[in-house]
Amino acid sequence: MKILMVLTSHDRLGNTGKKTGFWLEEFAAPYYRFKDAGAIVTLVSPLGGQPPLDPKSDTPDSQTKDTQRFKADSATQSALAHTLKLSEVAAGDFDAVFYPGGHGPLWDLVEDKSSIDLIEFMLAAGKPVALVCHAPGILRYVKGLDSSPIVQGKAVTGFTNTEEQAAGLTEIVPFLVEDMLRTNGGNYSKVADWQPHVVKDGLLITGQNPASSAPAAKELLEQLSLLASA
């Protein structure tokens, strides 16, 4: 299995002067699920190199077994520090793609042509795409073969309006993930804030929040197993 993980290169939280980026757990949990399953994982970002880490995801109360494993894993730290440029990889070389969240993707990946093209290519080619937390927001401008929004009529989830409100960033983010998914015609569902929730509709897999990262990765691996045995 060859899995592409796409991370943000955006590090500014609107006009607040604060930093943002990707959410550590949403990278570490899926990454280790994939590696432990024997997958070859390639890391990319729009600018290449070290993706910015959201500092809030690295606080003591945000640590998990997976983030602790990452902190003791110099090889993975090096791989993350040297991500390839998204525009320079060939989508056809991969079996699936996974997007960790964090607020950063709402500013860069959502409008990144290489990212939009990648998702459209993968789904059209019958390959699964998984996005977690804020990353489902990246689907905003992705179209299906009929040029309608890719989420139209599909079961989806993503970071909720109330979770964004709890984070205190409702007025800072470019748009609210839940609102966008609904506006684009998605059949949006959610559970209680901060609880794991993963939705699969065909090849599209979405997770609600950081707690959904590992379950979303598990769902992606199961989808790849089903496709391999078909």
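Under the 4.5 Å side-chain heavy-atom criterion for Ile, Leu, Val, Met, Phe, Trp and Tyr, L181 and F175 are members of the same hydrophobic cluster.
L47 has its side chain out of reach of L86: every pair of non-hydrogen atoms, C-beta onward, lies at least 4.5 Å apart. Annotation: side chain of S115 is in contact with side chain of I138 (closest heavy-atom distance under 4.5 Å). L4 is listed as a side-chain neighbour of L118, based on a closest heavy-atom distance under 4.5 Å. Side-chain contact between P136 and V156: absent, with no pair of heavy atoms (C-beta onward) separated by less than 4.5 Å. In this structure, T8 and H10 have side chains that are in contact, with non-hydrogen atoms separated by less than 4.5 Å. L131 places none of its side-chain heavy atoms less than 4.5 Å from the side chain of V97.
Going from atom OG of S148 over to atom NZ of K154 covers 7.0 Å, rounded to the nearest 0.5 Å. Remark: L227 CG to L203 CG distance equals 6.5 Å, nearest 0.5 Å. Atoms OH and CG, from Y99 and L139 in turn, are 8.5 Å apart once rounded to the nearest 0.5 Å. The structure places OG1 of T157 at 12.0 Å from CG of N187, a figure rounded to the nearest 0.5 Å. Once rounded to the nearest 0.5 Å, the distance linking CG of L169 with NZ of K18 reads 8.0 Å. The structure places OG of S212 at 12.0 Å from CD of E219, a figure rounded to the nearest 0.5 Å.
One N or O on the side chain of S62 and one on the backbone of K56 form a donor-acceptor pair closer than 3.5 Å. Checking side-chain atoms of K127 against main-chain N and O of F94 turns up a donor-acceptor pair under 3.5 Å. Side-chain atoms of D112 do not come within 3.5 Å of backbone N or O of P46 as any donor-acceptor pair. At distances below 3.5 Å, not a single donor-acceptor pair connects side-chain atoms of Q208 with backbone N or O atoms of H197. Checked by atom type and distance alone, the side chain of H103 never pairs as donor or acceptor with a backbone atom of P105 at under 3.5 Å. No donor-acceptor distance shorter than 3.5 angstrom exists from the side chain of S78 to the backbone of S74, with no hydrogens or angles considered. Checked by atom type and distance alone, the side chain of D201 never pairs as donor or acceptor with a backbone atom of L204 at under 3.5 Å. At distances below 3.5 Å, at least one donor-acceptor pair connects side-chain atoms of Q63 with backbone N or O atoms of T59.
Between W23 and the options S213, P210, C133, a side chain to side chain contact (heavy atoms under 4.5 Å, CB included) holds for only P210.
Connectivity analysis of hydrophobic side chains (ILVMFWY, heavy atoms under 4.5 Å, direct or indirect) links L43 to M1, I3, M5, L7, F22, L24, F27, Y31, Y32, F34, V41, L53, F70, L80, F98, V132, V198, I205, L220, L221, L224.
Remark: E111 pairs with no residue by the salt bridge (Lys or Arg N to Asp or Glu O under 4.0 Å) rule, at least two apart or across chains.
Between D11 and K19, at least one side-chain N (NZ, or NE/NH1/NH2) sits under 4.0 Å from a carboxylate O, which counts as a salt bridge. Between E120 and K143 there is no salt bridge, since no side-chain nitrogen of the basic residue lies less than 4.0 Å from a carboxylate oxygen of the acidic one.
The two atoms that bring N209 and Q195 nearest to each other are ND2-O, 2.9 Å, heavy atoms only.
Residues in residues 66-76 take part in these salt bridge (charged side-chain N to carboxylate O under 4.0 Å, His left out) pairs, two or more places apart or across chains: R33-D66, D36-R69, D58-K71.
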